[in-house]
Trainee: 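I have a structure I would like to understand better, so I am pasting it below and will then ask my questions one at a time.
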Amino acid sequence: MNEIVLRPFQTKAAEETLIAIDGFNYGVGILPNGIPYPSVRLISAITGAGKTPILAKIAGDLDNSIILWTTPASAVITQTVYKLQNQYRNILGGDVKVYSVDMMTRDHWNTVLNSETGISILVCTVALFNIEDKEGRAIHNSGYWERLKEDKFGGERKRSRLFIVYDEGHNLTRQQANLLLELSPRAVIMASGSDQDGGGLAALMHTGGAPWSEVIPDLTTKIDTPQVVKEALLKRRIVLEDCDLDRRTILKRTIEKRNYLEALISDSGVKEEKPIACYIVNGTKAGIDIWDDLRALGVPATEIAVHLSGAKKAVQADVVPRVGFFDSYTSKLTPIEIKETGFTHIIWNKSLKEGWDEPWAFVAYIDGVNSSIKDIQQKIGRFIRNPFRNDSNEPAIPADEELQCAYFYLQQDNEQFRVLLTEVRKEMAAKYPGVIEVVRGKREYQVIQPRESLNIPKLSIRQNRKKLEQLLDEIILKPATEDCSAPGIITTGEVNLEEQYSRIQKEEKFGTIVQTTVADVVKEALRQGDKRLVEKGWIDPELWETEKMKTMLAYSSPAFLQIKKQAHDYLDKVPFCLEIVESQIEWEIVPVKIALPKPDETDPKYVEMIRADNAYHEVYNGLIEGERDVANALAAESDCKWFRNPQNTGYGIGLKQAMNGSVTFYPDFVAVKNGRYYFIEPKGAHLITDTQINKLIQLPGEKFDIFAIVTNKDGSRDVYTITGKRNFNSINEAVAWILKN
């Protein structure tokens, strides 16, 4: 393997990091155990920028040090050790010792711990020092973790300088950070090309009161994407095709693109390499269906690897034989082994893991209509490395522009596709792409048990199935034959990584084809609007097999838009076919959790504890201002009892119409008085009209009532019920009126 030569931007990034570490005032900030806070450095760069050689350059200049170098997965350790010992040896320097921690003997450990000079790199996975991982306690159980501590802090390490290199640094947890601090590191260097949610970052340092938005840039060594592209480390462009076509037709385009690129690569003189097409799916069944489609489109089984959990068992259990089906997941093949085995088509789950990069993967199909933009963005980074090398094994730009691109095929709504293009461009060029969310430490909670038992009859949804089906038949009309045909449309967008722009490149009509059915259009709309209609058996599955429902139509046809609108009209009328009824099953009051305030915290949401003699729990907190007002008003009503209702685990009411994707409503407060139950929602903006409340939650009998409270700018309160609205000067007046009704 040829030695790596650092690019100018890589050398600059390493030098900038080393200067920052050297200039850090180590020892000024002290942890309670006497260990100084380390310098923290974030190296932020797009995938493919060469963070490993940058880290190697930094490590090689940290004289007389021990470096604990983490990798995200055990499968990467051997590769990392080999590269550090060989490919990056000229960057590290000949005297640097590199060890794989899980292969270290007692003599190795004694050599590392007793040496007072030199550089020792210990490569391990996070699991080896993560005591929460049952399989990752090797260092702790062996006692080497304690020995690795500096001698003045109770360990045996003679060298005072220890550094942490944390690859994929956005995965650092607070618990891991606290463990690493035990080793008194001089610096923690975190490299990542992904979002930094920063679970452990807050434990490593103090901001001095400054906001994170100001602190993070000062800690970050940022590598601009155009620099990486100009050095030929990345493909120059990302081309996304939004295909208004059926799946098999899109797969056919994907295969044709891969085959075309293979011919171009062969013509360029790199005959031994073949481009790879990846098919990214949501689940096992979809992956098996795509295998069937690929075979039907002429792809040999010997070229298809199925890397999906459970795929082998599913195929074995199926009555349909699939000759040549190869499950690379069960065979535990790594991505490198999959490529070396000769597979040119790989079916992956959408959890395509971070750390997997195959430069020869040029083409990707992402299954499903309207996949999330964030999900697509995360996958794009796995496909953008440039695989081409010259005779000296240096990155080289291929002559053909089409070999400088990564190609993605997907199905998105037009507006969502435009947003996707913009977001991909922004992510690739973000000023600090490695730091997105504000970093906060993990909060601790205390469970509060109920003071006494309370059982409330459950309210459930009863559907009139006959009415639901009759309504569906009336609203969904059989489309006219002439409206069902339309040319498929492919919209192609481009993101240029070098020049930092995105644009809609072209629209292409793809002939008149039929792609879907009325039933599929309706079912997809119902799943998005209220999944109970399709998934809970509220509609007889045989209804989808009628002649009308099996009518074929094209995605971009007038009929498609008509049926989609009719489905939405149907969803609006579904509540009139449903009824909320009192069931024979009872809900039993559950414990609640209070969030323990942090030292010096002043946020009243956590600091202010609500205590009331007439409450079912001793104390509540975590309430925002309007909720605290209601709680205090309920506490003043001595003739009722009440509790703060926890989301998801509390008392839930089935909704007649899904609301923001939820089919269950959890009122913020439940008050009990004279055998009646009052459901009080102080954030009731979503329930502010009589028709909305009536449509969503029309409660049965006289035992149950719901009240939505909206705060006005002048401090007065509007209380909404299914019968109207009342205005009150104060929350106490409003709550007193509620409990008298």
Side-chain angles (χ1 to χ4, degrees), residues 238-258 277-283 285-294 296-297 345 347-350 352 363-380 383 406-424 484-495 502 504-529 534 552-565 567-568:
I238 298 167
V239 177
L240 301 103
E241 280 198 7
D242 174 23
C243 303
D244 192 8
L245 306 168
D246 64 291
R247 182 167 71 186
R248 186 169 289 192
T249 306
I250 303 173
L251 291 174
K252 184 172 183 291
R253 289 181 67 83
T254 307
I255 295 166
E256 289 172 348
K257 175 62 75 173
R258 196 217 70 83
C278 293
Y279 307 85
I280 304 169
V281 298
N282 262 323
K285 184 181 184 303
I288 295 172
D289 289 344
I290 285 178
W291 188 91
D292 291 337
D293 286 336
L294 294 179
L297 291 166
H345 300 263
I347 302 172
W348 294 93
N349 191 281
K350 275 193 177 172
L352 184 62
V363 183
Y365 163 77
I366 299 177
D367 191 50
V369 179
N370 287 336
S371 295
S372 78
I373 288 176
K374 184 174 182 180
D375 191 55
I376 296 171
Q377 288 176 273
Q378 290 172 342
K379 302 304 173 286
I380 286 174
F383 292 82
Y407 301 88
F408 295 84
Y409 297 83
L410 46 135
Q411 291 174 288
Q412 302 290 112
D413 286 341
N414 290 342
E415 187 56 39
Q416 189 174 14
F417 182 64
R418 295 174 189 277
V419 173
L420 171 63
L421 284 177
T422 302
E423 290 302 313
V424 170
C484 293
S485 298
I489 297 175
I490 299 170
T491 305
T492 303
E494 172 195 346
V495 177
S502 61
I504 298 293
Q505 198 174 42
K506 63 180 179 179
E507 286 195 355
E508 172 188 353
K509 292 188 177 180
F510 198 72
T512 301
I513 53 179
V514 174
Q515 305 121 340
T516 188
T517 64
V518 170
D520 285 341
V521 176
V522 174
K523 284 193 286 187
E524 181 60 30
L526 298 190
R527 283 193 187 96
Q528 293 183 14
V534 179
M552 304 294 291
L553 50 87
Y555 278 114
S556 54
S557 66
F560 178 83
L561 300 176
Q562 293 164 11
I563 297 299
K564 206 168 182 182
K565 181 182 184 305
H568 291 149

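Since this is a predicted model, take the numbers as computed values, not measurements. What's counted below: heavy atoms across the whole structure, side chains too, no hydrogens, waters or symmetry copies.
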Trainee: Which heavy atom of Gln411 sits nearest a heavy atom of Cys243, and at what distance?
Mentor: CG-O, 3.2 Å
Trainee: Provide the closest heavy-atom pair for Ser557 versus Cys484 in the form atom of the first, atom of the second, distance.
Mentor: CB-O, 3.5 Å
Trainee: So which atom in Thr517 and which in Met552 form the shortest heavy-atom distance, rounded to 0.1 Å?
Mentor: CG2-SD, 3.3 Å
Trainee: Just verifying a value: how many Å separate Leu561 CG and Leu553 CG, rounded to the nearest 0.5 Å?
Mentor: 10.0 Å
Trainee: More than 12 heavy atoms of other residues, nucleotides or ligands under 6.0 Å from NZ of Lys252: is that the case?
Mentor: no
Trainee: Using 0.5 Å steps for rounding, measure from the CG atom of Leu297 to the CD1 atom of Ile255.
Mentor: 4.5 Å
Trainee: Which value, rounded to the nearest 0.5 Å, describes the distance between Ile347 atom CD1 and Leu294 atom CG?
Mentor: 5.5 Å
Trainee: State, to 0.1 Å, how close Arg247 and Ala286 come at their nearest heavy-atom pair, and which atoms those are.
Mentor: NH1-O, 4.3 Å
Trainee: Among all residues two or more places apart in sequence or in another chain, which pass the ring pair (Phe, Tyr, Trp, His ring centres under 6.0 Å) test with Tyr407?
Mentor: none
Trainee: Hey, are the side chains of Glu524 and Thr516 touching, using non-hydrogen atoms and a 4.5 Å cut-off?
Mentor: no
Trainee: Can you tell me how far apart NE2 (His345) and CD1 (Ile290) are? Round to the nearest 0.5 Å.
Mentor: 12.5 Å
Trainee: Check the orientation of Phe408 and Phe383. Use parallel for under 30°, tilted for 30 to 60°, and perpendicular for over 60°.
Mentor: perpendicular
Trainee: Quick one: closest heavy-atom pair of Thr254 and Ala277, and the distance?
Mentor: CG2-CB, 4.5 Å
Trainee: Supply the atom-to-atom distance Thr249 OG1 to Tyr409 OH, rounded to the nearest 0.5 angstrom.
Mentor: 13.0 Å
Trainee: At what distance, to the nearest 0.5 angstrom, does OG1 of Thr491 lie from CG of Leu240?
Mentor: 11.5 Å
Trainee: Within a strict 4.5 Å, meaning less than it, do heavy atoms of the Lys257 and Glu241 side chains meet?
Mentor: no
